[in-house]
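Reading through the structure tokens given below for one structure.
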Amino acid sequence: MPELPEVEVVRAGLAPVVAGSVVTGVTVLDERSLKRHRGPSVDFVDRLVGGTLDSAVRRGKFLWFPFEPAERHDHPLALVAHLGMSGQVLLRSSDHPADRLMRIRLDVDSPSLGRVRLAFVDQRIFGSMALDETVPTPDGRPAGYAGTHLLGSPEAAAEGEAGAAAAAAPSASAPAAPAWALRVPQQVAHIARDPLDPAFDESAVVTRLLARRTGVKRALLDQGLLSGVGNIYADESLWAARVHPEQPTEALSRARARLLLSEVRAVLLKALGEGGTSFDAQYVNVNGQSGYFSHSLAAYGQQGRPCPRCGTAIVREAFMNRSSHLCPRCQRVRTA
DNA sequence: CACACACCCTGTTTGC
DNA sequence: TGCAAACAGGGTGTGT
């Protein structure tokens, strides 16, 4: 369930459940789903059981749960989850029958729901979980999004879930961010902030984007430049900004680069508001439900259908073993 | 350093 | 109907 909106849907669904949850049992059904974990699965299991999950945090497509071990550890830890191409985290009752492609099972005792199960389900096993050490954020800002007012009113945020302080704008009356909010898992440290992060530095990203010598879509997909954008939302943002995916970054104007980033943000927020994009049962929230953004797609998967802006048929082109979808009339390579 | 590409996997859908 | 090929929203490591 890969791109930013889909991962955020999962994070938001898990946050109220995991906050303060004690891990009572861990079962690894497929070792390959621990490929990001350094050490054997017995180590993963032993260190998790008895510890407490503090919250659910997301940066781009990475999700993690700040973790307090049962026994003191030198560095604060985090349970990291990356969904890859086909991962899901499903919230199940403790006696729920095993999901078909479940790879890891976490049983927790949650303050809000009691004994529940987090099922990590992943068809292709490009995703994984890991218990990882954390490091302080270099800029001292919150490491990621832990749930506030991305959507809805500030009032809705105020009644909020545990850990709401993580992404809150600093103000005189705001409580200090908890320690976990300022630490990022080691394996996530190289991932850039995403465009919905309050600490996202738009002008710096524009400058770096224009300094690239590549096609603009490749740059948008580079998680070290900005995170959270994958193939769907890259195509949708490029369509909205009328930029060709192979547009050379060096021939992009600064104004159009800014427009593109603002369209990225708009597309991500709209998709989030519709619960993410689902084409099938593969991309679902923690309760197994699909989002609705697939009905709003203008370009992705729309080859042969009319461009919503000009009516020209959307085309699909090969791109890095995948596809790009674009309007050949609205989106042309610009040379200056 | 920045970039392009191969690779990691399995289940479902498509086409012959 | 059966089978093979094509396809899928990801990140990482390696080579240039």
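Just so you know, these numbers use all the heavy atoms, side chains as well, and skip hydrogens, waters and symmetry mates. Below, chains carry the letters A, B, ... as their sequence lines are ordered, and counting in each starts from 1.
- Comparing A:Asn321 and A:Thr249 against DNA chain B, the residue whose closest nucleotide sits nearer the 5' end is A:Thr249.
- For A:Ser227 (side chain) and A:Ala192 (main-chain N/O), a donor-acceptor pair under 3.5 Å exists by modelled atom type.
- If you chain together hydrophobic residues whose side chains sit under 4.5 Å apart, A:Trp239 and A:Val333 never meet in one group.
- A salt bridge links A:Lys217 with A:Asp235; the closest basic N to acidic carboxylate O contact falls under 4.0 Å.
- Here the CE-CG distance, from A:Met129 to A:Leu118, works out to 7.0 Å after rounding to the nearest 0.5 Å.
- Considering only heavy atoms from C-beta on, A:Ser294 stays 4.5 Å or farther from A:Ser278 through its side chain.
- The span of DNA chain B lying next to chain A, judged by atoms under 4.0 Å from heavy atoms, is bounded 5' to 3' by B:dC3 to B:dT12.
- Side-chain nitrogen and oxygen atoms of A:Ser323 include at least one within less than 4.0 Å of the OP1 or OP2 phosphate oxygen of C:dA8.
- A:Arg105 places no side-chain N or O within donor-acceptor distance of the main-chain N or O of A:Arg117, the cut-off being under 3.5 Å.
- Judged purely by atom type and a 3.5 angstrom limit, A:Gln331 uses its side chain to pair as donor or acceptor with the backbone of A:Val243.
- In this structure, A:Glu6 places its CD atom 7 Å from C1' of C:dG9, rounding to the nearest Å.
- The residue A:Arg316 sits close only to the backbone: its heavy atoms come under 4.0 Å of sugar-phosphate atoms, none of a base.
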Fill in the blank from the handout: A correct 5'-to-3' footprint of nucleotides 11-16 of chain C, with B, S and - meaning base, sugar-phosphate only and no protein heavy atom under 4.0 Å, is SS----
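- Remark: P of C:dC7 and CZ of A:Phe319 are 16 Å apart, rounded to the nearest angstrom.
- Look at the P atom in both C:dG11 and B:dG11: the space between them is 22 Å, to the nearest Å.
- In this structure a side-chain-to-backbone donor-acceptor pair under 3.5 Å is present from A:Gln247 to A:Arg334.
- Here NZ of A:Lys35 is found 6.0 Å from OG of A:Ser128. Values are rounded to the nearest 0.5 Å.
- To the nearest whole angstrom, the two P atoms, one in C:dA6 and one in B:dA6, are 16 Å apart.
- At least one donor-acceptor pair closer than 3.5 Å links the side chain of A:Glu6 to the backbone N or O of A:Thr277.
- Between A:Phe279 and A:Tyr300, the angle of the ring planes stays under 30°, which puts this pair in the parallel group of the 30/60° scheme.
- Of the two residues near DNA chain B, A:Arg32 and A:Arg212, the one whose nearest nucleotide lies more 5' is A:Arg212.
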Completion exercise
Parsed dot-bracket for DNA chain C after applying the Watson-Crick and G-U rules with both distances under 3.5 Å and | for other-strand partners is .|||||||.|||||||
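- Side-chain N/O atoms of A:Tyr233 include none lying less than 4.0 angstrom from OP1 or OP2 on C:dG9.
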